[in-house]
Amino acid sequence: MARLVVMGGGVSGHTAATFAKKWLGDEHEVVVVTPNSLWNWIPSNIWVGVGQMTKEDVVFPLAPVYEKAGIDYRQAKAVSIHPEGKTDSNTPYITIEYTGQGKEGQTEEITYDYLINATGPKLNFDATPGLGNGEGGIGEHTVSVCTADHAVHANLELQRIFEKAKKGEKQKILIGTGHGMCTCQGAAFEYIFNVEHEANKAGIRDMLDIQWVSNESFLGDFGIGGLHIKRGMYAASSKLFAESLFVERGINWTIGAHISKVEDKKAHYELLDGSTGEMEFDFAMLIPPFAGVGLKAYDKAGEDMTDKIFAPNGFLKVDADYTPKPYEEWKASDWPRTYQNPTYKNIFACGIAFAPPHLISKPMSSPNGTPINPTPPRTGMPSGIIGKAVAHSICDLIKEGENAHLHEASMAEMGAACVASAGKGLTDGTAAALTVYPVVPDFEKYPGIGRDLDYTFGEIGLAGHWIKHILHHMFLYKAKLKPGWTLIPE
Amino acid sequence: MGSVDHSIEKNVKAYEPSFEVMVPTPFVKFMRTCILWQIIRFIVINIKMIVVVQKSH
């Protein structure tokens with residue numbers, strides 16, 4: 001009997017664990033270690049953050065689902081990896097620290113034959129003074145929609161702002177990224193348009209000054225270097241569509257911005273041209289940068305070898321080409337295909353936890369040397385597809401032996417369907433429905449724009465909102481492993 | 001002659017970033033929430049997305 005341990009129960013880890021258990025059956029063990037008791041459909045946190053959904057609408061308890069699936073669930077956080085075992089044993093293991101199940105604070109060692117790192121990101125609020133609270137959590141000056149609880153808090157604060165606006169007090173709203181190295185611009189993009197939509201519905205839009213701030217060098221970059229779509233007889237940049245939407249909704253923007261410090265009702269920033277300034281706000285939702293969760297790695301003798309298997313940003317090294325090189329020399333083939341750690345072949349990573357070889361957007365920095373560019377997104381559809389591919393590879397390794405063919409899922413060869421809400425409503429809602437193919441541009445195959453125009457498209461409308469709403473229910477259904485769940489694609 | 005709808009231009013200011021941007025006409029905005037048209041788009045977008053999803057697995 002082999003044991004697969006999955007660290008993390010988010011989109012990627014949950015996908016990997018559930019498919020692995022289905023394919024491995026009762027002959028082998030699948031263990032999931034995740035500090036959360038609830039699974040969260042993160043894309044819908046946007047609607048919790050504007051009061052259109054409750055926390056209960058976007059989460060469900062993991063324990064009953066894993067019990068039904070036959071997965072050994074440990075509500076704990078992974079602390080360290082020991083791929084070589086210890087002095088008196090060659091069996092690799094991880095150490096965990098329980099956060100629930102009545103064992104809070106207790107530590108344990110779990111041996112493994114295969115290990116998947118799907119821990120997702122650490123929300124690094126403390127990277128920006130004032131954005132964090134000094135202990136890794138969100139600070140007192142801003143809100144976030146990164147977790148369901150954050151979104152609940154965001155809505156409470158937003159409703160206070162709306163109440164003041166209803167009383168005739170002008171309010172300033174600031175939404176975007178809270179650091180020069182952030183990813184997840186799409187979530188902030190969705191939130192700002194949902195806030196604008198709700199303000200319109202409440203009849204207080206004229207009382208709100210809504211401002212966008214982002215580390216993108218152009219609106220519509222989204223951390224993937226933007227995209228082009230066919231419109232009429234032209235291939236048009238996402239910059240055109242993003243700017244159009246901002247002007248249509250009366251939202252001002254500041255781009256190429258690194259938020260350097262947040263104070264009470266004030267954000268300090270530095271721009272790509274080196275200039276600095278301040279933006280005042282009454283309400284701010286600023287996405288934090290992401291980092292690895294801080295897992296450590298130790299060799300057989302107990303010596304720290306974290307830098308051997310993890311990149312400096314804390315993400316796990318996989319089969320990517322990490323050779324530093326200028327943007328002009330980047331290739332689609334730099335991106336990982338199997339997500340297997342090159343040093344320890346029984347360790348894989350998926351979702352946000354794998355270390356990307358480089359940015360997708362072109363690197364930028366201010367004359368002061370401050371890097372200001374989006375970091376690569378690895379969420380959503382790619383995250384699920386990679387999780388499933390990794391699970392498939394490990395199942396084959398277990399069943400067919402160590403020479404089994406590994407499954408591939410390069411972000412430079414896969415597309416992504418993305419639906420960005422611009423306001424919830426069955427008849428008056430809108431969303432931008434986008435597909436991009438491939439996610440990582442391949443300028444050798446598609447010179448100039450890097451993507452296949454036949455499979456990269458986007459449009460804004462009510463249909464997009466319907467799709468986003470259906471996806472909400474569909475993916476929660478799938479994650480709960482209800483009948484036919486395997487038929488729903490990632 | 002009917003009156004001209006200038007509502008879409010209200011956020012555009014000369015020689016500011018908003019001036020360089022394409023803005024949707026009232027017809028485009030209407031079509032974005034026109035139920036019949038959006039049902040058609042819903043079908044089209046779903047087909048397109050399914051193709052991309054299939055290519056990616």
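Note: hydrogens, waters and symmetry copies are ignored here, and every other heavy atom, side chains too, is used. Letters A, B, ... mirror the listed sequences (proteins, then strands); counts begin at 1. Keep in mind that this is a model prediction, so the values were computed, not measured.
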Could you give all pairs that pass the ring pair (Phe, Tyr, Trp, His ring centres under 6.0 Å) test and reach residues 10-32 of chain B, with sequence neighbours left out? Y15(B)-F19(B)
Quick one: of I40(B), V44(B), V53(B), who has the most non-hydrogen atom pairs under 4.5 Å with chain A? V53(B)
With a 4.5 angstrom heavy-atom cut-off, which part of [X] approaches chain B: side chain, backbone, both or neither?
X       : result
T427(A) : both
A389(A) : neither
I470(A) : side chain
I385(A) : side chain

If you compare all heavy atoms of [X] against all heavy atoms of [Y], which two are closest, and at what distance to 0.1 Å?
X       : Y       : answer
M49(B)  : T435(A) : CG-CG2, 3.7 Å
I45(B)  : A433(A) : CG2-CB, 3.9 Å
G250(A) : N11(B)  : N-ND2, 3.3 Å
G415(A) : S56(B)  : N-OG, 2.7 Å

Rounded distance (nearest 0.5 Å) linking atom NE2 of H57(B) with atom NE2 of H407(A): 13.5 Å
Flag if over 12 foreign heavy atoms under 6.0 Å of NZ, K201(A): yes
Is the number of heavy atoms from other residues, nucleotides or ligands within 6.0 Å of NZ (K478(A)) greater than 12? yes
When only heavy atoms count and the cut-off is under 4.5 Å, which of residues 207-219 of chain A reach chain B? none
Suppose a student defines contact as a heavy atom less than 4.5 Å from any heavy atom of chain B. Which residues in residues 451-467 of chain A would they list? Y455(A), F457(A), E459(A), I460(A), G461(A), L462(A), A463(A), W466(A), I467(A)
So salt bridge (charged side-chain N to carboxylate O under 4.0 Å, His left out) across residues 47-57 of chain B, not counting sequence neighbours, yields none
Using non-hydrogen atoms only, which part of I39(B) is less than 4.5 Å away from chain A: side chain, backbone, both, or neither? both
V51(B) portion near chain A, given a 4.5 angstrom heavy-atom threshold: side chain
